[in-house]
Amino acid sequence: MTASHDGSSKIVFIDIDGTLVADDGRVPESAVRACCEARANGHLLYLCTGRSKPEIYEEIWEIGFDGLIGAGGGYVENGSQLLYHKQVAPEAVRHLVDFFGANEIDFYLESNSALYASPHLREHLIRLIYGDVANDSAAMRQLESNPHPFLTTLTYGESSLYKEDVNKICFLEGALPFETIKAEFEGMFEVLQCTVPMFGKDSGELVVPGVHKAVAIADVLSHLGRSAADTIAIGDGLNDLEMFEYCKVRIAMGNAREELKRVADYVTGTLEEDGLYQGFVKYGLIEGGELPMASLTGAGDETSA
């Protein structure tokens, strides 16, 4: 099957965490194959993620994509062309840094220059990923021999976290319930539950009000001169809801939140069950073929998708 960039081609918006990339940073070989074949067939593929640009590792780009919607819709690239970049107001950054510090909530600020970690974030993440490395020698060996890419991406030890180039903020589960944090930032941020399971049920993301994936998708389509009728979305998290409401075809991963499955046109397999590949076959982006047993290969990490 070969499609040209006309009405017969589709524009596919792909979430990263839980859709393309597993918690441990691996990508199914079937997903790599599906993306490569879909582009060869003339379809356009855009990453559409909560991650900011520093979290889009070279191994992910090498799969092959036509553009990026990052920071949950706050940053948009078409090819190498920047379409827009929306940032958090400095006074809002100052407020959240002070609030999280006072309440001992670990977090990181996402900018296009770096991911800035709060003072105790690294130790918190190590506990979540590896366990008690101080008292478990096997866990310590794993940390030393196979450091998670996300740990090395973060910038630690900043003298001040009052940054002025922040796209969004992610916080880990701590002493405060999610609803308390949401109430604190009412009107200042859109507060969303995090899409990374290991961050905890009371973890979340703070994004610029009015910014979400559907707004960015509409801008990409306007730039391309294309219609929403040509779009396919595939995702698993609550920050994919607006994208699903906007796009013509909606594919939920088998591991997706129930709220997303309810509005999906099709629920495919989980990431480990080659769900992305199955979804691409279902909607004619690629031709189906025999796959080896589901195999995950390294390509990036998990964060806020």
Side-chain angles (χ1 to χ4, degrees), residues 15-18 21 23-25 47 49-57 60 68 70-75 85-130 143 147-176 178 180-182 184-185 188-208 211 237-239 300-305:
D15 175 55
I16 292 183
D17 297 296
V21 177
D23 273 358
D24 60 4
L47 293 168
T49 177
R51 296 191 187 198
S52 289
K53 195 169 183 181
E55 300 168 273
I56 315 296
Y57 307 123
I60 295 177
L68 165 67
Y75 180 86
H85 186 190
K86 298 178 181 179
Q87 296 176 313
V88 178
E91 59 272 19
V93 174
R94 181 176 292 270
H95 178 71
L96 75 90
V97 169
D98 292 343
F99 178 80
F100 285 154
N103 289 282
E104 300 182 346
I105 303 291
D106 295 319
F107 66 96
Y108 58 96
L109 308 174
E110 300 183 17
S111 79
N112 277 16
S113 58
L115 305 178
Y116 298 105
S118 62
H120 304 292
L121 180 66
R122 186 174 189 275
E123 291 78 7
H124 193 159
L125 289 170
I126 287 173
R127 289 196 303 273
L128 292 175
I129 298 170
Y130 299 101
L143 169 62
H148 199 288
F150 186 50
L151 291 174
T152 60
T153 301
L154 290 161
T155 296
Y156 306 100
E158 287 290 294
S159 59
S160 173
L161 290 174
Y162 297 151
K163 304 298 182 183
E164 295 187 354
D165 60 341
V166 176
N167 301 332
K168 59 189 280 284
I169 302 91
C170 285
F171 60 91
L172 275 59
E173 184 175 68
L176 297 180
F178 174 82
T180 299
I181 296 173
K182 183 174 182 179
E184 174 67 24
F185 296 107
M188 186 177 295
F189 291 102
E190 295 288 343
V191 186
L192 309 171
Q193 287 190 303
C194 189
T195 60
V196 181
M198 78 169 181
F199 283 4
K201 66 179 179 64
D202 285 324
S203 63
E205 305 176 359
L206 307 178
V207 301
V208 178
V211 168
L238 293 181
N239 68 349
D301 91 304
E302 53 65 40
T303 52
S304 54

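Contact check for His95 versus Glu184: side-chain heavy atoms found under the 4.5 Å cut-off. Annotation: side chain of Val93 is not in contact with side chain of Leu161 (no heavy-atom distance under 4.5 Å). When side chains are defined from C-beta on, Leu172 does not count as touching Ile105, because their heavy atoms never get closer than 4.5 Å. Using a 4.5 Å heavy-atom cutoff, the side chains of Glu205 and Ile169 are not in contact. For the pair Leu176/Asp202, no side-chain contact is recorded, criterion being any heavy-atom separation below 4.5 Å from C-beta on. With a 4.5 Å cut-off on side-chain heavy atoms, Glu55 and Glu110 count as touching. In this structure, Asn239 and Val207 have side chains that are not in contact, with every pair of non-hydrogen atoms separated by 4.5 Å or more.
Val208 meets the side-chain contact (heavy atoms from CB on, under 4.5 Å) test with Val88, Val211; sequence neighbours excluded. Taking Asp106 as the reference, His124 meet the side chain to side chain donor-acceptor pair (under 3.5 Å) condition, with sequence neighbours excluded. In this structure Val191 satisfies the side-chain contact (heavy atoms from CB on, under 4.5 Å) test together with Phe171, Phe178, Lys182, Phe185, Phe189, Leu206, sequence neighbours excluded. Partners of Glu123 under the side-chain contact (heavy atoms from CB on, under 4.5 Å) rule, at least two apart in sequence or in another chain, are His120, Arg127. With sequence neighbours excluded, the residues forming a salt bridge (Lys or Arg N to Asp or Glu O under 4.0 Å) with Glu158 are Lys163, listed by chain and number. For Ser113, the side chain to side chain donor-acceptor pair (under 3.5 Å) test picks out Ser111, Tyr116, Asp165, with sequence neighbours left out. With sequence neighbours excluded, the residues that form a side chain to side chain donor-acceptor pair (under 3.5 Å) with Tyr162 are Asp98. In this view, Lys53 and Glu77 satisfy the salt bridge (Lys or Arg N to Asp or Glu O under 4.0 Å) rule, not counting sequence neighbours. The side chain to side chain donor-acceptor pair (under 3.5 Å) test applied to Asn103 returns no partner, not counting sequence neighbours.
Between Phe100 and Phe107, the two ring planes are tilted [angle within 30° to 60°].
Of all heavy-atom pairs spanning Gly25 and His148, the tightest one is N-NE2, 4.2 Å. Closest heavy-atom contact between Lys168 and Ser52: CG-OG, 4.3 Å.
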Requested in this report: Give the intermediate values and the outcome of side-chain contact (heavy atoms from CB on, under 4.5 Å) for residues Leu238 and Leu192.
Outcome: CA-CA 8 Å; Leu238 293 181; Leu192 309 171; over 6 Å; no
Query raised in the report: Going through the checks in order, is the side-chain contact (heavy atoms from CB on, under 4.5 Å) test met by Gln87 and Val166?
Result: CA-CA 6 Å; Gln87 296 176 313; Val166 176; over 6 Å; no
Query raised in the report: Can you list the steps and then say if Tyr156 with Tyr108 is a ring pair (Phe, Tyr, Trp, His ring centres under 6.0 Å)?
Result: CA-CA 10 Å; Tyr156 306 100; Tyr108 58 96; over 10 Å; no
Requested in this report: Start with the C-alpha distance between Leu68 and Tyr75, add both sets of side-chain angles, then the distance that settles side-chain contact (heavy atoms from CB on, under 4.5 Å), and finish with yes or no.
Outcome: CA-CA 8 Å; Leu68 165 67; Tyr75 180 86; 4.1 Å; yes
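Donor-acceptor pairing under 3.5 Å is recorded for the side chains of Thr153 and Tyr57.
With hydrogens and angles ignored, the 3.5 Å screen pairs no side-chain donor or acceptor of Glu173 with any backbone N or O of Gly200.
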